[in-house]
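Working notes, structure below.
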Protein chains: 2
Amino acid sequence: MKRATIKDISLQIGVSTSTVSRALNDHPDISDSLKEQVKQVAKALNYHPNLMAVNLRRSRSNLIALIIPEITMFFFPSVIKGVEEVVHREGFQLLVLQSQDSLEREIQNLRVCHDHSMEGVLLSLSAESSDVNHLSELKEVGIPVVLFDKSVVQSTFDQVLINDFEVAYQAVTYLIEKGAKNIAGLFGNRNISISQERHKGFQQALADNGIDAYKAPTIFASSLQQCQAASSALLQRHKPDAFFCMSDEVAAGLYPALNAANIRIPNDCKVIAISDGNLPYFMQPTLTHLHHSGLEVGRVAAQRLIDRIKGIVKEPEVTTKILSIGIVELGSV
Amino acid sequence: MKRATIKDISLQIGVSTSTVSRALNDHPDISDSLKEQVKQVAKALNYHPNLMAVNLRRSRSNLIALIIPEITMFFFPSVIKGVEEVVHREGFQLLVLQSQDSLEREIQNLRVCHDHSMEGVLLSLSAESSDVNHLSELKEVGIPVVLFDKSVVQSTFDQVLINDFEVAYQAVTYLIEKGAKNIAGLFGNRNISISQERHKGFQQALADNGIDAYKAPTIFASSLQQCQAASSALLQRHKPDAFFCMSDEVAAGLYPALNAANIRIPNDCKVIAISDGNLPYFMQPTLTHLHHSGLEVGRVAAQRLIDRIKGIVKEPEVTTKILSIGIVELGSV
DNA sequence: ATCGTTACCGCAATCGTTTGCGGGAACGAT
DNA sequence: ATCGTTCCCGCAAACGATTGCGGTAACGAT
């Protein structure tokens with residue numbers, strides 16, 4: 001019932017625990033024959049090293065934390081997948097924590113990271129986090145942090161982002177090239193930075209094409225339901241010939257509204273979104289989008305973090321990695 | 001830079017480490033004034049107990065593992081959410097592992113659970129796991145396991161499931177009540193148990209209503225693309241007046257196929273699915289479904305596990321908790 | 001002055017490993 | 001016979017906390 005320890009092995013064979021330890025770790029001081037014997041007994045006793053003891057001794061934990069606002073079906077599953085892939089390959093274990101978009105819980109989670117001796121932290125800031133001051137605690141004890149997806153301007157940490165402004169600009173420009181003249185914008189929670197940045201890109205693209213950005217119908221909605229309701233309301237007053245959706249989530253709110261108003265996509269109205277490329281294929285018509293690969297974000301961020309942990313990245317300066325985004329042309333434009 | 005230990009505090013105040021430890025844990029042997037002082041110094045030094053040491057000493061880890069086949073946008077995000085909710089409330093941390101539907105990786109993950117001294121494991125079996133023999137290792141060392149969603153018949157573990165047969169039966173019966181006479185069935189990976197059970201329920205419901213189940217058009221598809229292709233092919237040969245979809249994922253494959261064939265939902269063809277209730281609202285028309293709440297599954301399974309860990313559940317017998325399922329009537333029937 | 005309490009606090013073992021250092025045995029060389 | 005190597009292996013101290021047991025001081029009571 002109780003798990004075997006190194007001591008059990010040592011007693012059984014009649015050597016010291018240090019010898020057993022060295023044998024199991026293939027230390028050159030130990031003869032091959034003894035190594036063999038030790039390993040056999042270990043197997044027989046179903047011995048597994050107690051990682052709590054090992055980690056305490058080595059003062060490592062082999063753990064990497066991923067803190068995200070919330071696990072929904074949007075975006076983060078792909079990120080987790082990408083992170084897990086890299087983290088697992090490098091021999092770490094992943095711990096997933098959620099901040100529920102609350103600063104308080106984010107701080108709690110960071111404390112957990114500290115307490116559990118995380119070797120590194122991947123963090124997508126909560127909606128309430130307007131700066132990174134609460135990360136100083138980790139910085140002081142030397143736990144590397146990589147921010148991704150959501151960050152703040154004056155960050156002093158490595159980060160993996162996309163250029164939200166640019167991507168939105170690009171999407172809107174694309175709609176204009178396709179002949180759209182009256183473009184509406186749909187955005188998520190107005191408190192999070194990426195909503196704001198994408199909104200700016202939206203406005204700038206309009207302005208650069210001689211369209212009065214302030215007259216463009218605009219919605220900020222924090223949930224699918226809100227978005228659908230707001231879209232329906234919008235359609236009472238305006239008849240846009242195109243929609244820019246900052247995420248596939250808001251696009252999913254828009255579709256039913258258009259349908260209810262008997263507006264056909266893409267004939268009556270074009271739709272474009274930014275998406276990780278899953279949901280767009282479930283929608284009808286399939287949703288043209290700029291492909292913001294969560295998988296890629298996860299991979300790159302995790303790799304960067306692990307490089308930091310291993311000390312491969314020596315420069316003290318932090319880097320901001322901007323991922324490039326491609327457009328996937330489907331049925332909605 | 002280095003984190004403060006209990007020793008640092010003891011040196012600073014001039015008491016022993018044991019006293020500091022007791023003071024921090026509000027042991028009655030320590031005077032209130034000293035406690036106050038110790039806590040102040042602890043705060044000043046930004047002291048956090050080293051959980052690796054604490055856990056080694058207490059031989060606990062405070063960790064609960066969740067092993068799932070794969071984090072996709074389907075179902076599991078809700079489960080994770082439910083699990084996290086309970087686990088966090090009870091003061092544990094959650095570790096998410098993926099088996100990629102591979103038995104080998106599932107075994108690897110179980111080893112990780114053992115090595116990291118998990119206090120409990122929540123497991124949704126991989127497609128390749130046809131029994132639970134590989135769980136014996138955990139059983140031997142006394143780590144409780146709760147299976148959920150996917151299990152096997154002769155399981156000797158607590159489990160939280162739905163009655164897949166019954167739910168499918170119920171869904172098909174509903175279609176028949178609504179007038180459907182020619183019902184097709186869409187299923188996922190044919191190797192996983194829930195596909196098989198739901199398929200049986202599908203067939204039985206047909207048979208009980210005097211329909212030849214073996215002539216009913218049936219598809220097993222492991223991905224969205226496969227499902228869409230197979231659906232299109234099916235529509236060349238048959239004109240079902242209703243579809244039973246074992247998951248929202250396959251339903252998402254069906255929709256475009258119906259659309260391409262110019263078949264209208266629900267007028268020309270009804271569709272019903274089993275779903276956790278997210279995706280159905282993004283589809284057009286919204287998808288009528290039997291609501292298999294991932295949130296609930298996660299909560300119940302996690303609570304059961306924690307009861308086991310805490311020893312609240314004393315009975316040696318394992319229990320199988322079957323969650324009830326309600327129907328959500330939306331636009332597709 | 002002695003004894004008994006009560007209130008505090010320290011010693012040292014412990015959890016399971018790792019690892020620096022030292023030491024014995026065997027063996028060959030001188 | 002002595003010395004030097006080489007090859008193995010054990011002792012004991014860490015890692016950072018918890019905790020049973022014992023000990024000391026203060027104090028009042030007798």
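Letters go in sequence order (proteins before strands), and every chain restarts at 1.
Between A:K7 atom NZ and D:dC11 atom P the separation is 12 Å, expressed in whole Å. What separates CG of A:N25 from P of D:dC8 is a distance of 17 Å, to the nearest Å. Taking atom CD1 of B:I30 as the reference point, atom P of C:dA7 lies 13 Å away to the nearest angstrom. The distance from atom NE2 of A:H27 to atom P of C:dC21 is 13 Å, rounded to the nearest whole Å. Look at CG on B:D32: it is 12 Å from C1' on C:dA7, rounded to the nearest Å. As rounded to whole Å, 17 Å separates atom P of D:dA14 from atom CG of B:N50. Here the C1' atom of nucleotide D:dC8 and the CG atom of A:D26 are 15 Å apart, to the nearest Å. Atom CG in B:L45 sits roughly 14 Å away from atom P in D:dG16 (whole-Å rounding).
Not a single donor-acceptor pair under 3.5 Å links the side chain of B:R60 to the backbone N or O of B:S117. Of the possible donor and acceptor atoms, one in the side chain of A:E128 sits under 3.5 Å from a partner among the backbone N and O of A:L103.
Salt bridge A:D29/A:R22: absent, no basic N to carboxylate O contact under 4.0 Å.
Residue contacts for B:S18: at a heavy-atom cut-off of 4.0 Å it reaches a base atom on one of the strands shown. Across all strands, B:L51 comes closer than 4.0 Å to no nucleic acid atom at all (heavy-atom distances).
Where B:S16 and B:R57 each meet DNA chain C at their nearest nucleotide, the meeting point lying more 5' is that of B:S16.
The side chain of B:S21 contributes an N or O atom lying less than 4.0 Å from OP1 or OP2 of D:dT18. An OP1 or OP2 oxygen of C:dC9 is reached within less than 4.0 angstrom by no side-chain nitrogen or oxygen of B:T19. Within the structure, every side-chain polar atom (N or O) of A:R22 is placed at least 4.0 Å from both OP1 and OP2 of C:dT17. Proximity of A:N55 to the phosphate of D:dC15: no side-chain N or O atom is located under 4.0 Å from OP1 or OP2.
Residue-to-nucleotide contacts include a donor-acceptor pair under 3.5 Å from the side chain of A:D29 to the base of D:dC9.
In this structure, of D:dG16, C:dT17, D:dT19, it is C:dT17 that holds the atom nearest to the side chain of A:V54. Side-chain atoms of B:Y47 lie closest to D:dA17 of the nucleotides C:dC11, D:dA17, D:dC9. Proximity note for B:S31 (side chain, C-beta onward) versus C:dC9, D:dC11, C:dC15: the nearest is C:dC9.
Using the six-membered ring where Trp is involved, B:H292 and B:F75 have ring planes that are tilted, between 30° and 60° apart.
Atom CD of B:Q108 has more than 12 neighbouring heavy atoms from other residues, nucleotides or ligands inside a 6.0 Å radius.
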